[in-house]
Protein chains: 2
Amino acid sequence: MSSTPRPLDRRPVYEQVADELLELILSGQLPPGSVLPPERELSERFGVGRTTIREALRALQTKGLVVATGPTSPLCVVAADKLATDPLRDTFVYLLRLGRVPLDDLIGLRAALEGAGALQAATRDRRPDLTAARDQIAFMRAAGRDLKAFDVADIRFHLEIVRASGNEALTLVMLAVRDSLSKALLSRLEALTDPSSMLQRLIAEHEAILQAVIDGDGEAAQHLTREHLRRYYSMPSP
Amino acid sequence: MSSTPRPLDRRPVYEQVADELLELILSGQLPPGSVLPPERELSERFGVGRTTIREALRALQTKGLVVATGPTSPLCVVAADKLATDPLRDTFVYLLRLGRVPLDDLIGLRAALEGAGALQAATRDRRPDLTAARDQIAFMRAAGRDLKAFDVADIRFHLEIVRASGNEALTLVMLAVRDSLSKALLSRLEALTDPSSMLQRLIAEHEAILQAVIDGDGEAAQHLTREHLRRYYSMPSP
DNA sequence: GCTGGCCAGCTGGTCTGACTAACTCAGCCA
DNA sequence: TGGCTGAGTTAGTCAGACCAGCTGGCCAGC
């Protein structure tokens, strides 16, 4: 009776289909930006029902590898530059909300990432372009009491510093962690009754960080960044 | 005719169902480890077809929030401590294979994470327990020419150092990055014809890192870790 | 009384066929 | 020429059905 020994392909079919499609995407046979065949065609091609195809596609969609372009148009493979900070951020949110990691650890992770980014930016061979970061400090000054505008410039400044490290992976993870934190913490600044002195201090800290990076003092850049973030996230009651 | 203004719930129903289930999980109304109701019951309760329920569950499953316990048993909410290194690692794999981030950036990210972990481990208030890390160095020595055994101890050593930082988030991300790298790179050690001298050097580097952490010299611990990893990943041709 | 096997019912996995709503585009009409 | 119409295609959704594996209870045989 062992004519078909069934070498343990006990995994559900939709998983196998998802894996095959995944490999087609990762191997480039379904290049980024290309449109996937319609569900019914995939259904025929794989010899499985449309339900199964849909569940496989849903998995790929959740992973951020394929995206819907319109209500009734076929899915398409995500363009490489549009790919996936969302799943990263979501994972951090889940880890936080399910109590797998404490909030302080996420803050520490952001401090570690940005500290390392500043260090790398300050010490890399090719001097990074920091005009964008400098501009953000000017925006912070110009913001005056406009906390919203200040916050935008703040966010942008930190992004530019990490970006100056030239490490795309560092940048992406930092963004994901920051987003997950901002989902957990309401903006600290808005809790302050008289934010102006705090804003002055934040501007000064940003300036110090930028200067350290410009001076190529990686150690200082890292340390200032870490301390700056730690203070920021423990703000109203330092 | 505007009796039902349809306030723009244009998102597909399975997404809305997934969001509701997600919120039930994150809010603790479906606590970790609890069993989800059967698909047919969810179908009735939400007033949607079973197809829709299944697609929503598939999304949650892909995010790693619910897991199948058996071939025919209902899904259950993942236990907090089992949650999600996989989606994290997968994301890095996709970023890498789709060319969104270069390999060197991922290596740099791991160096940044582990460097920061070593720094934190060396400078935290409460002295960390490093006996496990020390043991791993002994195992490396005992491994002799057994590259497999050496590698296991190597992996474990790095894990213990980051774990000594006390930052769970740092540890999780580091593990995910490392796994994604090991999927991209075959073990460097196996490419060497005469690995013994290299192994000696690696052991010495591990010892130096451990010593720096024990000495509380965060800066040295960080620097040694970063350089160690950079060398390791560019190994056969330094 | 206990054990073994049988059976019914529940579950997820899968398929089929059908319908709806929205998009696309060719072709028609003004 | 330019706008409109209608057919075709598509994802989204549903209902119903069947299978395979597991669970629990029941019953016959020891």
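The shown structure was predicted, so the numbers you read here are calculated from the model rather than taken from an experiment. Every chain is numbered from 1, with letters handed out A, B, ... down the list of sequences.
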Quiz item: A:Arg58 side-chain donor-acceptor pair to D:dG12 base, under 3.5 Å: no
For atom CD of A:Glu41 and atom P of D:dA11, their distance in whole Å: 10 Å
Spacing of A:Arg54 atom CZ relative to D:dA11 atom C1', expressed in whole Å: 6 Å
Interatomic distance, B:Leu75 CG vs C:dG12 C1' [rounded to whole Å]: 8 Å
Given DNA chain C, 5'-ward residue of the pair A:Ser73 and A:Ile53, judged by closest heavy atom: A:Ile53
Donor-acceptor contact below 3.5 Å, side chain A:Thr52 vs main chain A:Val48: no
For atom CD of A:Glu44 and atom P of C:dT14, their distance in whole Å: 19 Å
Whole-Å gap separating P (D:dG12) and CD (A:Glu39): 6 Å
Check: D:dG12 base within 3.5 Å donor-acceptor of A:Arg50 side chain: yes
A:Gln61 CD - D:dA11 C1' separation (whole Å): 11 Å
N/O (side chain, B:Thr52) to phosphate O (OP1/OP2, D:dC14) under 4.0 Å: yes
Touch class at under 4.0 angstrom, heavy-atom based, for A:Thr51 against every strand present: base
N or O in side chain of A:Tyr14 less than 4.0 angstrom from C:dG13 OP1/OP2: yes
Pair A:Tyr14-A:Arg58, side-chain donor/acceptor within less than 3.5 Å: no
Distance-only donor-acceptor check, side chains A:Thr131 and A:Asp129, under 3.5 Å: yes
Candidate list A:Leu103, A:Val93, A:Leu229, A:Leu109, test side chain to side chain contact (heavy atoms under 4.5 Å, CB included), partner A:Leu181, passing option: A:Leu103
Whole-Å gap separating P (C:dT11) and CG (B:Leu42): 11 Å
A:Glu23 CD: over 12 foreign heavy atoms closer than 6.0 Å: yes
N/O donor-acceptor pair, side chain B:Arg40 with base C:dG12, under 3.5 angstrom: yes
Nearest-Å distance for atom pair CZ/P, residues A:Arg11 and C:dT14: 11 Å
